[in-house]
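Here is the structure we will look at.
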Amino acid sequence: MTWLVPLPVVIPLVGAAVTLLLRRHPNLQRSVSLLALSATLAVAVALLALTAGGGPLVVDVGGWAAPLGIVLVADRLAALMLVVSAAVTLCVLVYSIGQGLADGDDATPVSVYHPAYLILTAGVTNAFLAGDLFNLYVGFEILLAASYVLITIGATESRIRDGTTYVVVSLLSSLIFLTAIGLIYAATGTLNLAQLAGRLDALPESLQLGLQSMLLLAFGIKAAVFPLSAWLPDSYPTAIAPVTAVFAGLLTKVGVYAIIRTQTLLFPDGPASGIVLVAALLTMIVGILGAVAQSDIKRLLSFTLVSHIGYMLFGIGLATDAGLSGAIFYVVHHIIIQTTLFLAAGLIERRGGTTTLDRLGGLARLAPVLGVLFFLPALNLAGIPPFSGFLGKLGLLQAGVAADGVLAWLLVGGSVVTSLLTLYAIGRVWNLAFWRTPREPEAAAASPVTGRVLPRLMVGATLALVVLGTGLTVVSGPLFDVTSRAAAELRDREPYVRAVFGEETP
Amino acid sequence: MLVLLTVHLIAAMLAPPLVRWLGLRAFSVLALVPAAGLGWALTHTAAMREGRAVAEVYPWAGRLGLELAFRMTTLSWLMVLLVGGVGALALVYCGRYFTAAEPGSGRFAGVFVGFAGAMLGLIVSDNLIVLYVFWELTTVFSYLLIGHDPSSRAARRAALQALIVTTLGGLAMLVGVIMLGEHAGTYRWSQVVGALPDGGYLAVAVILLLLGALSKSAIFPFSFWLPAAMAAPTPVSAYLHAAAMVKAGVFLVALLGPALADAASWRPTVLIAGTVTLLFGGWTALRQHDLKLLLAYGTVSQLGLLVVVLGAGFRDAALAGAMMLLAHAMFKAALFFVVGIIDHTTGTRDLRELSGLRRSAPALWVVTVLAAASMAGVPPLAGFVGKEAIFEAFLHGGRWEQLVLAGVVSGSALTVAYTLRFLWGAFSDKPAVAPRTVHRVSWAFLAPAALLAAGGLVAGLGAAPLDGLLAGYAGLYSDEGGYHLAVWHGLTPALALSALVLAAGAAVFGLTLRTRWWRRLRLPMDGATGYERSADGLGRLAVEVTGATQRGSLPVYLGTILLVLVVLGGGALVAGRPWPGRFHLWDNPLQLVPAAVLVVAAVFATRARRRLAAVVLVGVTGYATAVLFVLHGAPDLALTQFLVETCTMVMFVLVLRRLPGHFSVRPLVASRRIRVAIGIAVGAVVSGLAYVATAGRQATAISTAFGEPAVSYGGGRNIVNVTLVDIRAWDTMGEISVLLVAAIGVASMVFGGSPRLLRPRRPPPPTPPRGQVWLMAGHTLDAGLRSPILEVVTRLVFHTIVLFSVYLLFAGHNAPGGGFAGGLVVGLALVLRYLAGGRHELDAAAPVDAGAVLGTGLFIALGTGLTAMFLGGEVLQSALLDWHLPVLGHVHFVTSTFFDVGVYLVVIGVILNILRSLGAEIDRHEQAERVAAEARPEEELV
Amino acid sequence: MTGQTVADILAGTCLISGALLSLAAGVGLLRFPDLLSRMHAATKPQVLGLLLILAGTALRLQNTIDITTLVLIGVFQLVTAPVAAHMIGRAVYRSGQVRADLLVVDELADDRTNGGPEPRHRSPER
Amino acid sequence: MIIVGITVSALLFAAVSLVLVRIVRGPTTLDRIVAVDVLLAIVVCAIAAEAAYTRDATSLPILVVLSILGFIGSVSVARFSPRSRR
Amino acid sequence: MSPNLVLVIVVGVLFAAGVTLLLERNLTRVILGITLLGNGVNLLILLGGAYGGPPIVGRTPEDEMSDPLTQAMILTAIVITLGMTAFLLAMAYRSWLLTGHDDVQDDVEDRRIMQRAERDQGLEDEDDPTTEGTPR
Amino acid sequence: MSRTAPATARTRWRDRIVTTAVLVTGWMLLWGVFSWANLISGILVSAVVLAVFPLPPVTFAGRPRPLGLLRLAGRFLTDLVAASGQLAVLAFRFGHQPRSAIIRVPLRVPSDLVLTLTGEAVSLVPGSLIVDTDQASTTLYIHVIGVSDRAAVEKFRRSVYETEARIVRAIGSDAEISMLDGRAPAGREHHP
Ligand code: NA
Ligand code: NA
């Protein structure tokens with residue numbers, strides 16, 4: 001069944017090609033996009049089922065056996081990430097279709113949204129499947145290039161300003177990544193991750209540290225790790241809601257995924273885990289303090305996004321099975337929840353005309369459904385049990401307590417404080433936007449983008465994600481089984497390497 | 001128990017529609033749900049009497065030690081009775097308390113039932129994490145209940161405050177739970193007790209657990225949230241703040257006490273915090289004018305008492321505590337109901353405005369007196385039995401217990417005093433106040449309170465049978481206490497203390513009526529101020545930290561990232577000394593020439609003040625790089641680099657033609673120095689890393705094995721090209737996606753809608769002149785821009801250039817070239833057409849949708865990959881086809897050429913799209929502006 | 001002297017001459033007083049210098065496959081270099097970067113002030 | 001042939017240096033563009049000379065590219081140079 | 001493998017110059033900085049591969065070939081940089097079109113918070129009764 | 001080089017064949033090897049290129065004359081060498097500021113192709129370059145360096161006419177050649 005492995009990349013790309021050709025048929029375009037992402041989801045689910053049973057699935061692209069060619073590897077982690085990302089991108093696509101985000105500007109001589117969105121998806125899936133360092137870079141480039149287009153869609157003044165920050169910072173991170181690849185190739189003569197695992201071990205420790213820190217830096221920017229994170233709250237909130245949502249949910253996690261992959265496979269015993277833990281703590285605390293200081297929902301959510309990246313780093317930095325498992329679970333949870341919240345924020349903007357707290361009010365009464373769509377994921381984000389945010393945090397706290405180091409204890413404390421402040425921040429949002437009586441009750445009706453009735457597709461897509469996020473609680477048992485086995489597989493390294501090279505390891 | 005919980009959940013979700021359907025009657029229906037809990041517990045009375053636990057276990061997330069493990073023992077049984085009973089009564093009461101027009105009553109009912117379910121779950125959980133789950137759920141539901149009327153600012157703030165404070169404690173408790181669980185290897189309390197840690201670890205865990213318990217039960221210093229939460233509707237107060245939620249903390253103390261009371265940190269925490277709360281709450285209650293607040297502070301005080309007693313850590317105290325727990329739930333809920341009735345019928349709860357109620361509502365008066373007497377500890381009511389047991393238990397303790405006893409006695413006296421204040425305030429005739437008349441307090445409205453008040457009497461009189469049940473809990477302590485609950489123990493010291501308490505309380509009440517000085521006695525800083533200060537401090541901290549880290553400036557962000565690079569990379573370099581000594585100056589001395597050019601151009605590029613000058617200098621570095629490629633044996637790179645450099649130059653020119661010639665801002669010297677310093681540091685670190693990494697290479701590169709298979713398997717001699725279209729075709733596929741999407745982005749950016757640029761109808765291009773024309777639309781270009789020489793040469797070389805691109809495409813497999821280079825060459829040919837003939841010429845040269853070219857190209861490239869899969873190979877696998885044909889001889893073909901054709905088309909589409917956007921569309925903008933400027937001649941165009 | 005040596009000597013001469021012309025171009029580019037003059041200096045390596053070097057290369061490579069390519073390079077260069085020079089020269093003149101004091105005559109300036117030369121009716125051919 | 005190689009390299013290096021001075025100095029964009037054109041011509045000479053020296057024709061396609069497309073950059077600058085409109 | 005010092009230095013200079021430009025406010029300069037950095041990275045990758053003749057079978061003996069894999073990587077990088085440059089230039093143009101300049105501006109919301117920090121203020125109290133409408 | 005001649009099917013075919021032949025020649029030169037495969041593929045590729053990118057037909061009225069071509073090439077090369085030498089000397093003559101002139105040369109043959117080719121030939125020779133053209137009057141404006149006086153100006157103008165003549169005699173039609181003799185260039189005469 002290895003033929004399934006390339007499909008999560010190929011299908012969206014085919015979709016992109018077709019939607020480019022269908023510029024004049026918006027309805028068909030939408031169908032193609034939906035079809036492509038649904039198919040991707042189906043393939044991802046199949047891959048997860050296959051990898052959960054057996055070992056990693058490996059494809060030598062073009063028949064060029066490793067290490068000569070590029071390998072695509074679907075192990076448990078990759079398959080899990082594929083499923084989640086496919087589900088989320090599909091929901092967001094539905095939402096954006098609901099938003100009436102057709103490629104309406106007839107003047108633009110090419111279609112923009114659908115191809116860019118599908119290519120973004122392909123980039124994400126490629127990054128998850130890459131078994132080759134340079135191909136990982138290419139995956140990143142695909143998703144980044146598409147993200148540049150999506151974040152500036154509409155090209156308004158603020159989107160250009162904020163988009164510039166995003167684009168330039170991302171370009172710098174790409175350059176750093178490429179530099180790291182150049183250095184790693186210079187030192188090892190290979191790009192194959194499985195082979196690198198062996199060859200990097202042979203290098204002097206300081207050189208390993210240098211290479212590792214360059215990779216960490218590149219991925220840390222994308223994952224928005226403090227102090228590399230300040231660009232994120234300045235850039236994400238301005239984009240259109242579905243774009244912000246999918247970026248916030250997914251793109252940062254690709255960075256986290258890359259950190260997990262390289263930390264475990266390439267530098268398992270490196271001295272950098274201390275750095276990771278310190279960064280985790282700072283990211284949590286500085287991020288959540290930023291959220292507390294905000295007075296706009298989207299910006300506030302962006303800061304919580306940064307802050308909660310700290311949780312994932314916490315688990316990665318612990319470098320134990322439990323920690324890694326918790327981190328992976330948290331990644332899954334956070335992709336879904338953060339996306340949901342930004343979609344809900346989009347609905348808030350549509351209903352209330354703004355996302356600025358001091359101009360919103362009374363939404364709980366005006367739009368009770370919206371209230372539910374925001375409240376549940378918000379509680380989930382704040383780690384209120386029994387939601388997945390709590391379960392992820394629980395896994396991490398258990399791992400931290402079990403690790404029993406000074407940094408680990410500090411992080412346990414930091415996690416708790418972050419959780420509380422997250423609750424405080426979203427509690428403020430709820431109090432102001434949903435409970436307080438609005439200052440100008442009819443202001444909402446005045447704005448052109450707002451409507452008394454929220455488009456059904458948008459609500460439906462958000463609801464689907466809310467259900468998905470809540471459903472994580474129900475399936476948390478099996479899910480934690482998967483993440484634990486994925487973590488064990490990662491930490492072992494052996495299954496991955498063996499899957500790529502067969503029995504004889506080069 | 002899972003069934004019960006599920007019933008609660010379903011009922012909670014059905015409540016809103018039910019209320020919409022049945023109106024207020026729905027509340028009575030819903031009351032059946034908590035009542036079912038009560039009934040269910042009662043069926044297990046026998047088991048409790050026999051000391052058997054009722055247990056159920058369901059799996060959840062085993063990896064986390066999470067399982068739905070439920071276990072009902074005596075303590076939980078008692079709590080289930082209280083929660084179920086009071087819950088059912090509160091719901092019945094709600095049906096009268098609310099009016100049909102009350103907004104959100106459906107939601108309220110749902111949340112209320114949900115809360116009852118959460119409370120039930122909390123009580124019966126054996127798994128500590130599941131307990132925490134329900135614990136937090138009660139917090140959230142109480143948040144929603146307190147904020148039931150969100151238009152009140154006080155309610156909103158109180159709700160948030162309660163949420164934050166109890167969650168703070170809850171999180172601490174969670175960490176404590178995890179500490180115990182990780183140590184024990186299980187989270188089932190019934191098993192954890194057998195595997196407790198010791199020493200400092202245990203002490204810390206206990207403190208954390210108690211933080212949770214104390215904050216939940218509004219114990220000092222967390223007391224402040226409870227009175228503030230009185231913003232909630234009264235049934236809520238009666239339920240949450242008398243019977244249920246606040247009892248969760250007490251429950252936890254009672255649950256953990258038997259196992260943890262001997263931990264070093266347990267008793268000091270519990271006894272001190274409890275006693276302080278008891279006194280503080282009682283004292284503050286005396287000062288209240290609002291009946292509800294009076295009761296709230298009374299509750300705080302009583303909770304302090306319960307914590308002290310249940311946390312004291314020995315059998316008799318535990319027994320007394322259990323009795324007190326029962327008594328308190330009944331009398332306090334009853335009194336809250338009473339307040340609600342008063343509020344509802346008179347419209348006020350201010351005891352300064354209430355007068356004459358005793359006469360106008362005699363039934364209410366009787367019920368109130370009965371409940372209040374229990375609270376004050378008047379025999380033979382349940383409160384009295386509890387108090388007696390407490391006094392008795394502590395009378396026989398050591399010095400600590402004696403001290404606590406003093407506190408308890410004082411606190412009980414205060415209780416008596418505020419009880420009297422309550423009765424006096426609500427019911428007495430006050431000369432200065434007009435008497436309030438109460439119309440018809442319906443029996444149904446009063447019934448819940450009456451039932452509970454009567455319950456106090458029943459429990460008091462039935463103390464002896466209760467003793468048999470509650471002893472099951474007290475027996476968890478292994479000490480030798482032998483006290484039994486009873487209404488009458490004879491003339492004991494405890495009885496004397498009870499009498500003393502009643503007398504002292506009456507005296508204090510009398511004193512407070514007459515004097516005012518005592519009102520000035522307050523705690524120097526209470527928790528509420530602490531909370532406000534913490535919130536303000538948090539705000540300040542958040543603003544300071546955010547202001548310091550979130551500068552909003554792109555250069556600062558980039559600089560930070562680069563500094564991290566310098567620190568991490570530099571650190572690794574420093575750690576790696578001494579550096580390897582083997583290096584060579586150059587591979588080829590000729591490298592010095594382009595290297596020198598490159599260095600000079602790069603340095604001057606940073607200093608250029610004209611845009612195009614900088615562009616040219618950067619372009620020179622590109623050319624120099626290309627030459628370095630040539631010298632390094634990389635002709636494909638050089639070829640592509642030259643083409644890309646030319647394309648880049650054209651793109652810059654197309655954009656910069658519209659921008660001012662000079663850079664707008666002259667950078668400040670200081671900031672320039674910083675930039676240069678960071679630049680040099682980054683350059684040094686990267687150089688260093690490059691040096692060390694290269695010198696560190698031991699292994700042979702994998703690419704040394706490319707040669708033979710490139711020919712035999714990839715079918716080409718140019719290994720770089722085979723790498724691109726075959727070995728690493730997957731990368732190339734990604735790369736063309738990048739290009740494609742970037743081109744889309746360029747169009748999106750330039751064509752993006754903007755009112756200023758609303759396009760006029762495209763004027764038809766002028767008809768071409770008859771006779772010899774060189775280009776399709778050269779005549780449409782402004783005469784001043786045309787050049788016959790350029791047009792003629794373009795006409796003559798255009799096809800040749802395209803032909804050359806095809807050559808590169810096909811020759812690429814064996815010589816420098818390939819799809820990229822070929823596509824770029826066609827792109828530049830189109831550039832030439834555009835330069836010579838303007839935008840209409842571009843349209844004429846490529847009268848196709850750029851998107852179609854892009855899509856087709858991508859499709860072909862992907863199609864190659866998929867076809868290979870359908871034919872049973874791996875994705876993007878290529879096949880070698882060799883034919884012998886007449887005339888042509890040997891024909892050798894590799895299917896990866898198709899892939900390269902896809903690349904070729906995508907690159908053409910990209911350049912075409914860029915040219916349409918940065919060239920043609922910007923032309924149009926320019927033209928539109930010129931037309932607009934001509935329309936308004938007074939405006940000077942610069 | 002073998003044919004090979006003769007070819008090498010010839011090639012060497014061509015190469016060195018071409019390089020010399022390039023140097024002269026560099027000097028002219030730096031020294032000539034105004035832009036149009038400097039442009040004349042630029043022409044040398046673009047035309048004769050290149051042709052010489054291509055000839056030298058041809059003498060060294062000595063096989064058809066490569067020599068045909070060299071011929072193409074030469075032809076392309078001869079066709080395209082003047083176009084660039086013309087376009088730049090035109091831009092230079094129009095942007096006024098001409099030192100009038102160094103001009104003996106400027107008949108273009110005359111025509112521009114007089115409205116350009118008369119258009120001429122071109123007789124149809126054939 | 002070594003002497004030829006060294007001489008040619010030295011001459012071209014000197015030429016490139018002078019051209020570079022013009023590129024840096026300007027003063028106008030057109031000055032720089034003219035200089036870049038010369039630079040490209042010198043690059044073509046250099047690559048051809050290198051091919052001659054090593055007797056390796058691999059880099060000839062580069063020269064084809066430069067000879068047939070190298071002028072497009074300058075033409076675009078000239079075409080959009082300010083006030084080049086008559 | 002022994003590093004080539006000339007290339008090492010060139011890489012360093014390109015990074016230094018590129019970063020200097022990248023840290024400017026002006027988008028055109030930023031783009032140029034990225035171009036310089038791109039060249040620098042490409043040369044860095046080149047440095048990490050073997051030096052030799054063109055990797056074309058038949059023209060160069062296999063053990064004298066330069067590393068084809070680094071070249072494939074660089075080629076990919078060159079082309080990606082081309083796409084990015086085009087996009088950034090379009091952005092610069094758009095910025096100019098909308099604002100009249102291509103300087104990257106600071107974030108307004110961040111500035112607001114920084115000003116509050118400078119004035120030692122805490123959070124704004126959005127739940128201020130004055131900002132509230134009249135209840136139903 | 002007609003502008004009005006109706007494009008008959010025959011001339012269209014002729015034009016196409018000429019163009020294709022030129023392209024196929026280029027193709028063969030690129031590959032550097034004559035083979036049937038190259039010839040056939042060249043024809044195919046040329047046909048595709050011409051079909052995908054149509055351009056207005058160029059009606060080439062003249063015919064190549066070997067002798068004229070040879071004369072043109074020879075003279076061009078000598079001019080090239082001489083001028084390059086002169087200019088090199090000029091470059092190295094320190095302390096000397098060469099003077100120059102911008103000269104109007106209205107060509108006698110009213111054809112864009114002749115204009116272009118003459119312009120190219122003039123440009124290729126160091127020391128002269130086209131600063132502007134006037135298409136309507138087929139006029140070249142040439143900047144010439146190293147002219148110190150009027151006489152030199154006139155000498156140069158004559159040399160341009162000679163170049164024009166050589167080009168027309170190499171590739172022009174009989175009608176065009178006839179225009180070279182006796183007919184004074186149209187347009188205003190140069191100023192005294
Ligand atoms: Na050839
Ligand atoms: Na010339």
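Residue numbering restarts at 1 for every chain, and letters A, B, ... go by the order of the sequence lines. Just so it is clear, the structure is predicted and the values come from calculations on it, not from any experiment. Below, each value reflects all heavy atoms present in this structure, side chains not excepted, and no hydrogens, waters or symmetry copies.
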Problem - Choice from A/Thr188, A/Leu203, A/Val292, A/Leu209 maximising heavy atom contacts with chain B below 4.5 Å - result: A/Thr188

Handout entry: chain B contact via A/Leu397 - which portion, at a heavy-atom distance below 4.5 Å
Key = both

Problem - Flag side-chain contact, heavy atom, 4.5 Å: A/Met214 against B/Leu689 - result: yes

Problem - Residue part contacting chain B, namely of A/Ile119, when any heavy atom lies under 4.5 Å - result: side chain

Exercise for the section: Examine whether an atom of B/Glu67 lies under 4.5 Å from a heavy atom of chain A, and if so say whether it belongs to the side chain, the backbone or both; otherwise answer neither. Expected result: neither

Completion exercise
If one checks every heavy atom of B/Ala743 against chain A at 4.5 Å, the contacting part turns out to be neither

Exercise for the section: Tell me, for A/Val401 versus chain B, whether the close heavy atoms (under 4.5 Å) come from the side chain, the backbone, both or neither. Expected result: side chain

Exercise for the section: Answer with side chain, backbone, both or neither: which region of A/Ile70 has an atom nearer than 4.5 Å to a non-hydrogen atom of chain B? Expected result: both

Completion exercise
So, the part of A/Ile160 with a heavy atom under 4.5 Å from chain B: the answer is side chain

Practice task
Answer with side chain, backbone, both or neither: which region of B/Glu735 has an atom nearer than 4.5 Å to a non-hydrogen atom of chain A?
Solution key: backbone

Handout entry: Derivation of the side chain to side chain donor-acceptor pair (under 3.5 Å) call for B/Gln550 and A/Asp234
Key = CA-CA 9 Å; B/Gln550 193 72 25; A/Asp234 284 359; 3.1 Å; yes

Practice task
Would you please test A/Leu21 and B/Asp849 for side chain to side chain contact (heavy atoms under 4.5 Å, CB included) and show each step?
Solution key: CA-CA 9 Å; A/Leu21 293 169; B/Asp849 201 355; over 6 Å; no

Handout entry: Part of A/Thr473 within contact of chain B (heavy atom distance under 4.5 Å)
Key = both

Problem - Contact origin within B/Tyr201 toward chain A - heavy atom pairs under 4.5 Å - result: side chain

Practice task
Among the options B/Leu168, B/Val875, B/Thr694, B/Leu876, pick out the one with the most heavy-atom pairs lying under 4.5 Å from chain A.
Solution key: B/Val875

Handout entry: Trace of the side chain to side chain donor-acceptor pair (under 3.5 Å) decision for B/Asp731 with A/Tyr137
Key = CA-CA 9 Å; B/Asp731 275 349; A/Tyr137 167 80; over 6 Å; no

Exercise for the section: Quick one: which of B/Leu854, B/Thr723, B/Leu538 has the most heavy-atom pairs under 4.5 Å with chain A, could you say? Expected result: B/Leu538

Problem - Any A/Pro385 side-chain heavy atom under 4.5 Å of B/Leu137 side chain - result: no

Handout entry: B/Arg697 to A/Tyr185, cation-pi by 6.0 Å centre distance and 45° axis angle
Key = yes

Handout entry: Aromatic ring proximity A/Trp435/B/Tyr143, centre distance under 6.0 Å
Key = yes

Exercise for the section: Could you grab the distance from atom CD of B/Glu874 to atom CG of A/Asp60, nearest 0.5 Å is fine? Expected result: 6.0 Å

Handout entry: Between B/Gly696, B/Gly147, B/Ala535, the one whose heavy-atom pairs under 4.5 Å with chain A are most numerous
Key = B/Gly147

Handout entry: Contact check, side chains of A/Ile275 and B/Leu568, non-hydrogen atoms, under 4.5 Å
Key = yes

Exercise for the section: With a 4.5 angstrom heavy-atom cut-off, could you sort out which part of B/Pro709 is near chain A: side chain, backbone, both or neither? Expected result: both

Problem - Side chain, backbone, both or neither of A/Pro386 within contact of chain B (heavy atoms, under 4.5 Å) - result: both

Handout entry: Region of A/Ile176 in contact with chain B, defined by heavy-atom distances below 4.5 Å
Key = side chain

Problem - A/Asn126, part contacting chain B, at a heavy-atom distance under 4.5 Å - result: side chain

Problem - Side chain / backbone / both / neither for A/Leu420 at chain B, heavy atoms under 4.5 Å - result: both

Problem - Flag side-chain contact, heavy atom, 4.5 Å: B/Val741 against A/Pro115 - result: no

Completion exercise
Okay, B/Phe134 and chain A: the region with an atom under 4.5 Å from a heavy atom over there is neither

Practice task
With side chain to side chain contact (heavy atoms under 4.5 Å, CB included) as the test, would you mind laying out the steps for B/Arg728 and A/Asp132 before giving the verdict?
Solution key: CA-CA 10 Å; B/Arg728 298 188 69 89; A/Asp132 179 286; 2.5 Å; yes

Exercise for the section: Could you tell me whether the side chain of A/Phe390 reaches within less than 4.5 Å of the side chain of B/Ile129, counting heavy atoms only? Expected result: yes

Problem - Atom group of A/Leu421 that falls short of 4.5 Å from chain B, counting heavy atoms - result: side chain

Handout entry: Side chain, backbone, both or neither of A/Leu191 within contact of chain B (heavy atoms, under 4.5 Å)
Key = both

Completion exercise
Per-residue tally against chain A (heavy atom, under 4.5 Å) across B/Val133, B/Val574, B/Leu858 peaks at B/Val133

Practice task
Go through the atoms of B/Asn913 and report whether side chain, backbone, both or neither lie under 4.5 Å from a heavy atom of chain A.
Solution key: side chain

Problem - Heavy-atom pair with the smallest gap, counting every atom of A/Gly395 and B/Leu64 - result: CA-CD2, 3.5 Å

Practice task
Calculate, to the nearest 0.5 Å, the distance between atoms CZ and OG belonging to B/Arg63 and A/Ser476 respectively.
Solution key: 12.5 Å

Exercise for the section: Check each atom of A/Leu479 against the heavy atoms of chain B and say whether the ones under 4.5 Å are side chain, backbone, both or neither. Expected result: neither

Practice task
Could you have a look at B/Leu573, B/Ile561, B/Val130 and say which one has the most heavy-atom pairs with chain A under 4.5 angstrom?
Solution key: B/Ile561

Problem - A/Val59 vs B/Met869, side chain to side chain contact (heavy atoms under 4.5 Å, CB included): CA-CA, chis, key distance, verdict - result: CA-CA 11 Å; A/Val59 166; B/Met869 281 175 77; over 6 Å; no

Exercise for the section: Determine whether A/Leu68 and B/Tyr713 make a side-chain contact, defined as any pair of heavy atoms from C-beta on separated by less than 4.5 Å. Expected result: no

Exercise for the section: Find out whether B/Trp730 and A/Val9 are in side-chain contact, i.e. whether some heavy atom of one side chain is under 4.5 Å from a heavy atom of the other. Expected result: yes

Problem - chain A contact via B/Val140 - side chain, backbone, both or neither, heavy atoms under 4.5 Å - result: side chain

Handout entry: Heavy-atom check, side chain of A/Val14 versus side chain of B/Leu866, under 4.5 Å
Key = yes

Problem - Under 4.5 Å from any heavy atom of chain B - which part of A/Val412 - result: side chain

Handout entry: Test item: A/Gln398 side-chain N/O and B/Ile178 main-chain N/O as donor-acceptor pair under 3.5 Å
Key = no

